[in-house]
Protein chains: 2
Amino acid sequence: MDISDRKKRILRAIVESYVETAEPVGSKAICSDLGLSSATIRNEMAELTALGLLEQPHTSAGRVPSSKGYRVYVNELMHDRTLSAQETFELNNALRQRITKLDSLLADAGRLVADFTHYPVYALTAGSSGMKIRRFDFILVDRNTLIVVIMLDNDQVKNKLLHFPAGIDEALVRKLSTVFNSGFTGLESSEMTHELVSACETACGDSEGIVASVAGFAIAALDEAAPRQAYLSGAASILEHPEYRDPDKAQRILAYLSDDTKLMTLPAPDESGEVKILIGPENVAEELSDSSVVVASYDLGGDVKGLLGVVGPTRMDYANISAHLSYLARELRIFLGGAGTLPQLGSGPPGPDEK
Amino acid sequence: MDISDRKKRILRAIVESYVETAEPVGSKAICSDLGLSSATIRNEMAELTALGLLEQPHTSAGRVPSSKGYRVYVNELMHDRTLSAQETFELNNALRQRITKLDSLLADAGRLVADFTHYPVYALTAGSSGMKIRRFDFILVDRNTLIVVIMLDNDQVKNKLLHFPAGIDEALVRKLSTVFNSGFTGLESSEMTHELVSACETACGDSEGIVASVAGFAIAALDEAAPRQAYLSGAASILEHPEYRDPDKAQRILAYLSDDTKLMTLPAPDESGEVKILIGPENVAEELSDSSVVVASYDLGGDVKGLLGVVGPTRMDYANISAHLSYLARELRIFLGGAGTLPQLGSGPPGPDEK
DNA sequence: TTTAGCACTCGGAGATGTCGAGTGCTAATA
DNA sequence: TATTAGCACTCGACATCTCCGAGTGCTAAA
């Protein structure tokens, strides 16, 4: 985009004023900041409008940035906003207070961003498949009750209590342990076929479906270790913005955001830690065509990745939001102990269990 | 409330018409249903207004039920709406599809109600304290890694992976098992004092903080077994109702509903399985003073109780919503296997206890 | 006791008028 | 040549006004 330096300064001033006030920006409003007369600015504005970077709601209203204008602003003109010491302090404090369990790490982070930015925020966990089981343990509680404990590749531990009316004895438990630890470890859930289960059943002499129950749990545990879950925070904030004062419009977008399956289809940044900005019509979803999305991705340890997306009007404070998301990405990585795997943090409870 | 039968019929007609149309009800609108002339109804309406059961937005608009009017309607006039076969079928279907994990049982039920009623629904788990540990098990993974498995009073199982740089051997694990199973079972978390931990440390000859870690996990597990969590579904639906077309109003109530701590303070029905209705100013919370809440409570097995609350304008279809909530209460009880404890249901995917 | 009729009230929708912010264009100026 | 001041013009926002009709309360007749 080869436009004069002065045009860029004017475009930036318009974007920033409009982001702040939500009112179309007139030539007078910014002439003092730029040291030019309003007439000059009017001429420049007319040219920017011709280039498609600005729009006029109607003759003789001020100018408003077009989607293209925002795009230029984001790509070239946006000041790198770094958070103030005050802000990082507050963010850090809030982060430390909230994040106690890994289960809800992303959801909590989302709520945090929503609180700070006053935009709705969605959080997605995007687990990768390929998880495997490292080890099975069995605890015989009584003749009818068995606890199965599974340790996954990434040190996650899952358990399940099973009841068997037929009764179980120590010998069977030992057999189960041998069979599962040799036959089911190192497999992905797709590899745990029906044949495999049948083979194990005969090996254990099990006709009560015990093997099948355990295998079912194993598969479920693997699938659940990499879930795709969606959370939404700060939905109410959307109504704060004049763009969504029309209840119909607000409702449409809220309904969209409340629909997990739709959120799952939203694009992710190309690289973890990056921030991706989608402006207005750049969004594929019809419902978002006059809104913008700023989305960042986080490594959550292991193969699990998380997405955090801020949704708002195209008149969004892109610089501010990018800054928050980037900062959070950094902090979360520190929180997670560098390259650490999941369970190391996962401790509400005290204790020296951190490596 | 001793009013004539005819007045009751008129009041009921007004409430039901207003619930449906959201427009003030004129005398003509209901005269055909009641077989009376509009003039007669006008006279009766005037008296009902004097009694404080109806209100007039302004002279020569129709009448609108007052909060008191709704109260009379709910207490005395409401038809016992029973769901149609079609409706129960759909509800049941949806229930069976969604509810796969106990973790989110309530949240799922809430989403279900939200979908069916088109009102926002909050779900609260209201765990009771007093949970105890029945049994400890320890699995030694390798010299530095120990899995602790705790079985709670209500058959919930929790586990945690602990790392100890100093190293552990079989003998120590056996000692731990003895000490914890004799010393820590049957206690509430408040009874697990520092002294007790110290005593056990000396008993085990542990100077590495292993006992302290395990005890810490035990306390956390107990606290977490009875969490107070809040979920909100269907927030967007509130904008469908004309009462909340004013974005400010909608935002105020949405913000209220998004605030977990505030939801926690909402009242619960006196008995499990009952439905409680709070109309307009009967709500203590300022933000809800012109809204109504219909709330039901459910036994979720063990000592854990759940609340499901539907929030909407005072012009709410109380009969319909009560019916849905009651039906769901019955169904959930069946789902949970009568008086059964939690895990018996969980025979699909894994239990509510992973970390 | 119920009903029909009638004058009255008041909110809502539409039409009209005014105001002012902002524009484009032109001519003067550095 | 680039910038600026001035001016006529446009058009939305807002206030005012009018009119319409739904719904009321009251009265008199059935």
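First the proteins, then the strands, lettered A, B, ... as listed; each starts at 1. Because the structure is predicted, anything quoted here is derived from the model rather than measured.
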Contacts under 3.5 angstrom, residues 50-65 of chain B side chains, donor-acceptor by atom type, not counting sequence neighbours:
{"from": "R63(B)", "atom 1": "NE", "to": "T49(B)", "atom 2": "OG1", "distance (Å)": "2.8"}
{"from": "R63(B)", "atom 1": "NH2", "to": "T49(B)", "atom 2": "OG1", "distance (Å)": "3.4"}

Looking at R42(A), does any N or O in its side chain come under 4.0 Å of the phosphate oxygens OP1/OP2 on dT26(C)?
no
Give the rounded distance in Å between these two atoms: CG of L54(A) and P of dT23(C).
11 Å
Donor-acceptor pair (no angle test) under 3.5 Å: S60(A) side chain, dT10(D) base:
yes
Can you see which heavy atom on K262(A) is nearest to which on T265(A), and at what distance?
O-OG1, 2.6 Å
Rounded to whole angstroms, how far apart are CD on E47(A) and C1' on dG24(C)?
13 Å
Assign A61(A) to base, sugar-phosphate, or nothing according to its heavy-atom contacts below 4.0 angstrom with the strands shown.
sugar-phosphate
Rounded to whole angstrom units, what separation is found between the CG atom of N43(A) and the P atom of dG22(C)?
17 Å
Check the phosphate of dT24(D) against R63(B), side-chain N and O only, distance under 4.0 Å to OP1 or OP2. Yes or no?
yes
Does any non-hydrogen side-chain atom of R71(B) lie less than 4.5 Å from one of E282(B)?
yes
Mapping A39(A) and A29(A) onto DNA chain C by nearest heavy atom, which one lands closer to the 5' end?
A29(A)
Once you apply a heavy-atom cut-off of 4.0 Å, does S27(A) come out as touching a base, just sugar-phosphate, or nothing?
sugar-phosphate
Starting at CZ of R6(A) and ending at P of dT3(D), how long is that distance when rounded to a whole Å?
4 Å
Where the side chain of H58(B) is concerned, which of dT3(C), dC10(C), dT2(C) is the nearest nucleotide?
dC10(C)
Distance test, side-chain N/O of S37(B) to OP1/OP2 of dT2(C), below 4.0 Å:
no
Is it the case that the side chain of R42(B) and the backbone of S27(B) share a donor-acceptor pair, with hydrogens and angles ignored and the cut-off at 3.5 Å?
no
Please state how far atom CD1 in I41(B) lies from atom P in dT3(C), giving the value in whole angstrom units.
9 Å
Rounded distance (Å) that lies between atom C1' of dT9(C) and atom CD of Q56(B)
11 Å
Heavy atoms under 4.0 Å, any strand shown: does T40(A) hit a base, just sugar-phosphate, or nothing?
base
Is the gap between the ring centers of Y231(B) and Y122(B) under 6.0 Å?
no
L48(B) CG to dT24(D) P: how many Å, rounded?
12 Å
From C-beta outward on M45(B), which listed nucleotide comes closest to its side chain: dG24(C), dT23(C), dT24(D)?
dT24(D)
Please report, rounded to the nearest Å, how far the P atom of dA30(C) is from the CG atom of L36(A).
17 Å
